Amino acid sequence: MLELYDALSKKGVEVKFGIHPVAGRMPGHMNVLLAEADIPYDKLLDMDAVNPEFPQADVALVIGANDVTNPAARSDPSSPIYGMPILDVDKARTVMVIKRSMSPGFAGIDNPLYYLDRTMMLFGDAKVFVGDIVRELGAGH
Amino acid sequence: MSLPSDQLIQIAYIAAIALFILALKWLSSPATARHGVLAGEVGAVLAVAATLTESGVIEYRWIAVALAVGAAIGVPLGLVHMTAVPQRTALSHAFGALAAALVGGAEYYARLPHLTRFEMGEISLEVIIGSLTLTGSLIAAGKLQEILPQRPITYRGQNLVSLLVLVAAVAVAVALVIRPEQTRLFPVMVMVALLFGALLVTPIGGADMPTVISLLNSYTGLSAALLGFVLNSKVLVVAGALDGSSGFILSVIMCKAMNRSFSNVMFGAFGQVQAAAPGTKEERTVRSASAEEAAAILASANTVIIAPGYGMAVA
Amino acid sequence: MWSPEGGHKARSYFAPDEPVKEEHVPSDFISNLYVFVLAAFVGFEVIRRVSPLLHTPLMSLTNALDAIVVVAGIIIAGRHETVISTVLGAAAVAAAFSNMVGGFLITDRMLRMFKRSKPKQR
């Protein structure tokens with residue numbers, strides 16, 4: 001994770017992290033895990049801080065998150081998660097989702113995010129895929 | 001003129017309380033947070049040292065052994081891997097609740113012949129909350145450690161069964177308040193409360209664990225505060241109230257983040273609700289891409305926001 | 001620790017033979033309730049300001065603070081009145097102290113990991 005962050009930062013790309021309150025298994029758990037991965041804490045933004053930034057972002061990269069990025073929570077009253085606050089990743093110019101397969105997440109809810117025209121699905125193991133991207137970033141240019 | 005040692009001890013407690021509040025205040029920013037831990041540590045050491053000089057404390061061997069055992073358990077638990085922090089936290093809720101329930105029990109047996117009904121009521125409430133938090137937290141820790149199944153375990157009428165168990169615990173407590181000298185009822189009350197704690201958390205699924213942990217946090221604090229009432233100890237009342245309100249705030253944040261209410265988390269096992277959700281299963285096209293393409297786009301971007309989930313954390 | 005406060009004889013540990021059964025609400029209870037309500041409000045205001053970044057350390061720190069229950073265990077075990085109260089008290093000391101040690105330790109470990117980005121571009 002830190003390698004991806006470093007590789008992108010080196011290229012002058014501004015990298016931030018958008019953290020949903022229930023990411024991880026206890027309140028604030030994700031922040032601790034990212035801090036452990038040596039990501040500086042001023043790049044970790046909570047949901048309220050990061051959501052206004054998505055429309056200006058070129059890429060939203062979703063790694064291993066599902067329901068908390070599901071736009072159905074905003075738009076589809078019949079969805080079981082309707083009304084749940086989410087990360088507005090779908091408002092970014094390009095959305096990338098790293099995911100093992102199309103299978104629905106823990107709550108078993110289909111995610112319309114994956115069918116958007118500007119969404120790219122990156123199928124594979126998160127760790128391997130991030131490693132591949134980092135290698136490509138290092139190799140190219 | 002010198003102060004009597006009893007008053008010095010009280011002053012130490014007041015200083016400890018002030019340090020605890022400072023500790024939490026400094027936690028508001030990562031820049032000062034570590035001072036907060038230090039303040040908390042100083043406060044705790046102060047309170048423990050003051051207590052050891054308390055004139056009523058005459059026997060130190062048991063205490064020394066217990067402190068050694070506690071340190072032997074606590075140090076490894078303080079060194080777990082960061083992905084295991086939720087389990088550790090649940091386990092420490094269990095220990096906190098256990099300690100509060102044990103002291104409540106000890107108080108009951110120690111004061112027995114002179115116990116007023118009011119005191120009995122306080123002790124009963126404290127011991128019930130401590131006991132249910134103990135088993136509830138153990139189950140939560142088991143689920144987080146994946147010893148127990150993460151999926152909600154449900155059966156028909158479970159809310160009714162849980163409710164009946166809770167009513168039974170309260171009924172025994174009421175009987176004890178009426179007749180505190182019925183010592184046989186006390187263990188019964190503890191057992192029933194333990195059972196209720198287990199029943200309460202077993203049906204709750206893995207996705208709701210952040211809320212459950214926060215809620216158990218709040219119960220642990222509440223049991224400590226109630227213990228403070230039982231023992232007439234302001235330092236316990238304050239520490240318990242701080243812990244309780246912290247747990248409460250976090251539970252509310254977690255519930256809001258999932259757009260659920262307390263009762264929904266506690267009584268409506270997740271997972272069931274969505275069973276009816278599938279329905280429209282139209283085939284829609286998905287664009288997939290390779291690492292190479294992804295890297296090219298990322299490299300030419302100005303700003304990238306990463307939204308990580310637990311799947312990433314394990315990687 | 002409790003007996004010196006206000007010197008309520010009826011609740012005093014060290015004169016356990018004196019108390020009479022009182023059925024009204026003891027004044028200790030009311031003063032504790034004051035403390036509880038005020039502390040809960042202070043806690044609420046202070047903790048609301050804790051950054052969501054630090055919610056996990058917050059929980060482990062409040063856990064460690066809550067372990068102050070250890071002082072109650074120390075008093076009960078240390079008074080050495082009956083076997084059962086001594087054993088229960090000592091067990092409580094062990095359980096609470098493990099939280100105190102472990103809680104402070106892990107909170108500090110977590111907080112040490114939170115680093116600001118190096119002063120560079122931007």
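Because only heavy atoms are used, hydrogens play no part in the values below, and waters and symmetry mates are left out as well, while side chains stay in. Here the structure is a predicted model, which means the values were calculated and not measured. The chains referred to below are lettered A, B, ... by the order of the sequence lines, with proteins before strands, and numbering in each begins at 1.
- Between C:Ala92 and B:Val103, the shortest heavy-atom contact is CB-CG2, 3.5 Å.
- Residues C:Val50 and B:Ile249 have side chains not in contact (no heavy-atom distance under 4.5 Å, counting atoms from C-beta outward).
- Looking at B:Ala23, both its backbone and its side chain come within 4.5 Å of chain C, counting heavy atoms on both sides.
- Annotation: B:Tyr60, atom OH; neighbour count of heavy atoms from other residues, nucleotides and ligands within 6.0 Å is above 12.
- Put simply, of B:Gly43, B:Gly240, B:Gly40, B:Gly244, the one with the most heavy-atom pairs under 4.5 Å next to chain C is B:Gly40.
- Residue B:Ile253 holds its CD1 atom at 10.0 Å from CZ of C:Arg48, rounded to the nearest 0.5 Å.
- The shortest non-hydrogen separation linking C:Ala77 to B:Ile63 is CB-CG1, 4.1 Å.
- For C:Ala67, no part sits under 4.5 Å from any heavy atom of chain B, backbone or side chain.
- Heavy atoms of B:Leu222 lying under 4.5 Å from chain C belong exclusively to its side chain.
- The contact between C:Ala91 and chain B is made by backbone and side chain atoms together, counting heavy-atom distances below 4.5 Å.
- Side-chain contact between B:Val85 and C:Ser60 is absent, with no heavy atoms from C-beta onward closer than 4.5 Å.
- A donor atom on one side chain and an acceptor atom on the other are not found under 3.5 Å apart for B:Asp243 and C:Asn63.
- Among C:Val46, C:Thr82, C:Val87, the residue with the largest count of heavy-atom pairs under 4.5 Å with chain B is C:Val46.
- Using a 4.5 Å cut-off between heavy atoms, C:Ile84 contacts chain B through its side chain alone, with no backbone atom that close.
- When each of C:Ile74, C:Val70, C:Leu38 is checked for heavy-atom pairs under 4.5 Å with chain B, C:Ile74 comes out on top.
- A tilted orientation is assigned to the rings of C:Phe29 and B:Phe229, their planes being inclined by 30° to 60°.
- In this structure, chain B has a heavy atom under 4.5 Å from the side chain of C:Leu61, while its backbone stays farther away.
- Atom NZ of C:Lys115 has more than 12 heavy atoms from other residues, nucleotides or ligands within 6.0 Å.
- The closest side-chain heavy-atom distance from B:Tyr109 to C:Leu88 is below 4.5 Å.
- Within the model, atoms CD of B:Glu59 and CD of C:Glu81 stand 12.5 Å from one another, a figure rounded to the nearest 0.5 Å.
- Smallest separation of non-hydrogen atoms from B:Ala224 and C:Val69: CB-CG2, 3.8 Å.
- Ranked by heavy-atom pairs shorter than 4.5 Å toward chain C, the options B:Val69, B:Ile73, B:Leu24, B:Leu19 are led by B:Leu24.
- Residue contact with chain B, scored on non-hydrogen atoms closer than 4.5 Å, involves the backbone and the side chain of C:Ser51 alike.
- Around atom CZ of B:Phe248, no more than 12 heavy atoms belonging to other residues, nucleotides or ligands sit under 6.0 Å away.
- For the set B:Val65, B:Val238, B:Ile58, B:Val75, the count of heavy-atom pairs under 4.5 angstrom toward chain C peaks at B:Ile58.
- Each of B:Ala241, B:Ser92, B:Ala239, B:Ser245 has some count of heavy-atom pairs under 4.5 Å with chain C, and the biggest count is that of B:Ser92.
- No side-chain heavy atom of C:Ile75 sits under 4.5 Å from any side-chain heavy atom of B:Leu231.
- Summarising the geometry, atom CD belonging to B:Glu41 is positioned 8.5 Å from atom CG belonging to C:Leu105; distances are rounded to the nearest 0.5 Å.
- Nearest heavy-atom pair, C:Ala72 versus B:Leu236, reported as atom, atom and distance to 0.1 Å: CB-CD1, 4.0 Å.
- Interatomic distance, OG of C:Ser98 versus CG of B:Leu91, reported as 8.0 Å (0.5 Å rounding).
- B:Gly74 approaches C:Val101 most closely through the heavy-atom pair C-CG1, 4.2 Å.
- Using a distance-only test at 3.5 Å, with no hydrogens or angles considered, no donor-acceptor pair links the side chain of C:Arg49 to the main chain of B:Ser29.
- Here the shortest heavy-atom pairing between B:Ala66 and C:Ala90 reads CB-O, 3.2 Å.
- Note on C:Ile47, C:Asp66, C:Leu58: by heavy-atom pairs under 4.5 Å with chain B, the leading option is C:Asp66.
- For the options B:Lys25, B:Arg61, B:Arg88, heavy-atom pairs under 4.5 Å to chain C are most numerous at B:Arg88.
- Contacts with chain B were tallied for C:Phe97, C:Phe41, C:Phe44, C:Phe114; C:Phe97 has the most, counting heavy-atom pairs under 4.5 Å.
- Residues B:Leu77 and C:Asn99 have side chains not in contact (no heavy-atom distance under 4.5 Å, counting atoms from C-beta outward).
- Residues B:Ile213 and C:Met59 have side chains in contact (heavy-atom distance under 4.5 Å, counting atoms from C-beta outward).
- Using a 4.5 Å heavy-atom threshold, the side chains of B:Met82 and C:Thr56 count as separate.
- With contacts defined as side-chain heavy-atom distances shorter than 4.5 Å, the pair B:Ser214/C:His55 does not qualify.
- Contact count against chain C (heavy-atom pairs under 4.5 Å) is highest for B:Leu67 among B:Thr89, B:Leu67, B:Leu242.
- By number of non-hydrogen pairs under 4.5 angstrom with chain B, the leading residue of C:Leu53, C:Leu33, C:Ile106 is C:Ile106.
- Of the possible donor and acceptor atoms, none in the side chain of B:Arg34 sits under 3.5 Å from a partner among the backbone N and O of C:Arg112.
- Highest contact tally toward chain B, considering only C:Ser31, C:Ala94, C:Ala39, is held by C:Ala94 [criterion: heavy-atom pairs under 4.5 Å].
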